[in-house]
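Below is one structure, written out as structure tokens; the observations come after it.
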Amino acid sequence: MERIELENGFEIPQIGYGTFQLKPDEAYDNVRQALENGYRLIDTAASYRNEKAIGQAIRDSGIKREEIVISTKVWVQDAGYEATKKAFGRSLANLQTSYIDLYLIHQPYGDYYGSWKAMEELYDAGRVKAIGVCNFCAERLLDLTLNARIPPMIDQVELHPFFQQKRLRAALPATCRIEAWGPLNEGQRNIFANPVLEYIAKKHHKTAAQIVLRWLIEQGIIAIPRSCRSSHQKENIDIFDFALDDEDMQEINSLDLGYSEIIDHTDPLTVRILNTYHIHE
Ligand SMILES: NC(=O)c1ccc[n+]([C@@H]2O[C@H](COP(=O)([O-])OP(=O)(O)OC[C@H]3O[C@@H](n4cnc5c(N)ncnc54)[C@H](OP(=O)(O)O)[C@@H]3O)[C@@H](O)[C@H]2O)c1
């Protein structure tokens with residue numbers, strides 16, 4: 001597994017395992033399976049409500065804690081300095097660990113400057129190895145970068161061949177890496193049977209999913225595909241023995257729609273829904 005170095009020198013695997021929408025029992029079984037299949041980066045969030053099961057799966061795996069990169073996120077309900085510190089304590093307890101490797105602001109709403117200050121302090125105290133954000137567009141990311149003492153090291157955003165985030169990537173601060181969520185477009189738009197991806201897959205004796213993930217990592221992007229099938233988990237990590245050529249890259253680049261078909265963070269309805277989604281009292 002190839003690793004990628006963040007701004008502070010902390011290295012994380014370039015492919016991780018995503019756990020969105022996995023209920024606790026599914027999360028437990030699939031994280032155990034993913035760890036057995038070689039994954040060493042596990043992505044969760046307080047709002048996924050599966051941190052406890054994932055903490056248990058990591059503990060039961062018998063793999064040393066320091067060999068696994070755990071990533072979790074503070075939900076918008078816990079935006080702000082004090083609330084983020086409390087939320088961090090809850091995530092730590094749920095995950096049964098004394099530190100988090102990668103702690104992220106989940107949504108670009110609410111008092112995320114207050115959250116960031118709390119996260120900088122957690123970082124200074126060694127409670128987190130790296131800090132970052134999710135779903136920040138170019139302007140918000142740059143503004144936080146310019147105003148923070150420690151700039152965000154990761155922006156976890158939706159990114160796949162149909163939504164390539166060209167605007168964000170063109171303005172990406174040098175201190176920040178991109179981590180792709182929904183790297184397989186959540187299976188939508190018939191991505192696994194896309195003719196361009198299938199053609200390239202055939203050429204390299206790989207699958208369409210592997211072509212997409214390879215396309216991401218060749219651009220220095222971290223990807224966290226989710227799969228509840230062991231065969232898919234293995235497939236998604238088996239992408240380090242081939243390379244795409246310039247023509248392949250250009251063909252995939254041409255698939256960009258320039259917008260998301262999953263979520264629009266600039267839509268007032270999205271802002272309202274995410275701000276009112278509560279994960280605790
Ligand atoms: N920060 C955020 O706001 C945010 C938002 C969404 C997601 N995320 C993170 O990003 C992770 C990944 O995104 P996602 O879960 O939304 O979607 P995804 O990884 O793009 O897609 C998951 C879907 O792809 C299928 N799949 C996976 N590998 C496959 C393969 N090799 N061949 C065929 N089908 C395959 C899975 O089905 P099978 O189970 O049948 O394989 C599943 O239906 C999440 O789990 C979560 O950790 C973060």
Side-chain angles (χ1 to χ4, degrees), residues 12-23 26-27 29-31 33-34 37 39 41-51 53-54 69-76 91 95 101-109 112 131-137 140-141 152 154-165 168 178-194 197-198 201 206-216 221-239 260-265 270-271 273-275 277 279:
I12 72 171
Q14 223 177 334
I15 295 283
Y17 183 69
T19 66
F20 180 43
Q21 288 173 336
L22 299 187
K23 294 193 180 79
E26 284 176 310
D29 292 344
N30 283 291
V31 168
Q33 189 68 63
N37 286 335
Y39 288 79
L41 161 61
I42 307 295
D43 181 78
T44 181
S47 68
Y48 298 173
R49 299 169 190 262
N50 58 18
E51 285 179 316
I54 290 172
V69 173
I70 302 178
S71 174
T72 194
K73 314 180 187 95
V74 56
W75 184 241
V76 63
S91 285
L95 288 159
D101 294 278
L102 181 58
Y103 199 40
L104 305 173
I105 291 176
H106 203 152
Q107 302 294 348
Y109 308 134
Y112 58 75
I131 49 179
V133 297
C134 304
N135 302 308
F136 272 47
C137 63
R140 288 192 188 215
L141 179 63
I154 281 202
D155 192 0
Q156 184 184 106
V157 291
E158 180 188 346
L159 205 165
H160 46 76
F162 304 127
F163 183 33
Q164 300 184 15
Q165 296 275 9
L168 171 68
I178 296 269
E179 182 172 41
W181 71 250
L184 302 172
N185 196 27
E186 300 185 340
Q188 294 178 42
R189 195 169 259 275
N190 217 4
I191 188 166
F192 304 116
N194 178 276
L197 298 174
E198 276 198 325
K206 291 284 176 183
T207 65
Q210 289 172 314
I211 296 302
V212 170
L213 296 170
R214 182 75 207 178
W215 170 79
L216 287 167
I221 293 166
I222 303 145
I224 46 171
R226 160 180 56 98
S227 175
C228 292
R229 293 185 207 203
S230 184
S231 60
H232 286 169
Q233 290 183 2
K234 286 183 186 154
E235 194 179 305
N236 295 346
I237 216 166
D238 178 23
I239 56 165
S260 169
E261 293 182 308
I262 296 175
I263 188 167
D264 176 3
H265 278 88
T270 304
V271 181
I273 289 172
L274 296 183
N275 262 290
Y277 179 68
I279 60 169

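Positions are given from 1, in the same order as the sequence printed here. Both counts, for ligands and for their atoms, begin at 1 and track the order of listing. These figures come from a predicted structure and were not determined experimentally.
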Can you measure from [atom1] ([X]) to [atom2] ([Y]) and round to the nearest 0.5 angstrom?
X	Y	atom1	atom2	result
Leu216	Ile211	CG	CD1	11.5 Å
Ser47	Lys73	OG	NZ	7.0 Å
Ser71	Leu41	OG	CG	6.5 Å
Leu184	Leu213	CG	CG	5.0 Å
Phe136	His265	CZ	NE2	10.0 Å
Asp238	Lys206	CG	NZ	4.0 Å

Ring geometry between Tyr48 and Phe20 (parallel below 30°, tilted from 30 to 60°, perpendicular above 60°):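 It falls in the tilted class, 30° to 60°.
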Any atoms of ligand 1 less than 4.0 Å from a non-hydrogen atom of [X]? List them with their elements.
X	result
Cys134	1 (N)
Asp43	9 (C), 46 (C), 47 (O)
Ala209	30 (C), 31 (N)
Asn185	20 (O)
His106	1 (N), 2 (C), 3 (O)
Arg229	40 (O)
Pro225	19 (O)
Ser227	27 (C), 28 (N), 38 (P), 39 (O), 41 (O)

Shortest protein contact, [atom] (heavy atom only):
atom	result
atom 43 (O) of ligand 1	Arg226 NH1, 4.4 Å
atom 39 (O) of ligand 1	Cys228 N, 2.8 Å
atom 3 (O) of ligand 1	Asn135 ND2, 2.9 Å
atom 13 (O) of ligand 1	Gly182 N, 3.0 Å
atom 6 (C) of ligand 1	Trp181 CE3, 3.2 Å
atom 44 (C) of ligand 1	Phe20 CB, 3.4 Å
atom 20 (O) of ligand 1	Leu184 N, 2.8 Å
atom 12 (C) of ligand 1	Ile224 O, 3.0 Å

Of the listed options Glu186, His160, Glu179, closest to atom 21 (O) of ligand 1 (non-hydrogen atoms):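 Of the listed residues, Glu186 has the closest heavy atom.
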Phe192 contact mode with ligand 1 (heavy-atom cut-off under 4.0 Å):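 Near ligand 1, Phe192 shows its side chain, while the N, CA, C and O stay back.
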Under-4.0 Å heavy-atom contact with ligand 1, by part of Ala45 that carries it: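 No part of Ala45 is near ligand 1 at this cut-off.
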Can you find a non-hydrogen atom of [X] under 4.0 Å from ligand 1?
X	answer
Asn236	yes
Tyr17	no
Lys73	yes

Answer yes or no: is there a donor N or O on one side and an acceptor on the other, between the side chain of [X] and the main chain of [Y], under 3.5 Å?
X	Y	value
Tyr17	Ser227	yes
Gln156	Asn135	no
Tyr277	Trp75	no

Donor-acceptor side-chain pairing of Glu51 and Ser91 below 3.5 angstrom: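 Result is yes, a qualifying pair exists.
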Side-chain donor-acceptor pair present, Thr19, Asn30, cut-off under 3.5 Å: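 There is no such pair (donor and acceptor under 3.5 Å, judged by atom type) between the side chains of Thr19 and Asn30.
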Carboxylate-amine/guanidinium contact Arg226 Asp43, below 4.0 Å: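 No, Arg226 and Asp43 are not salt-bridged.
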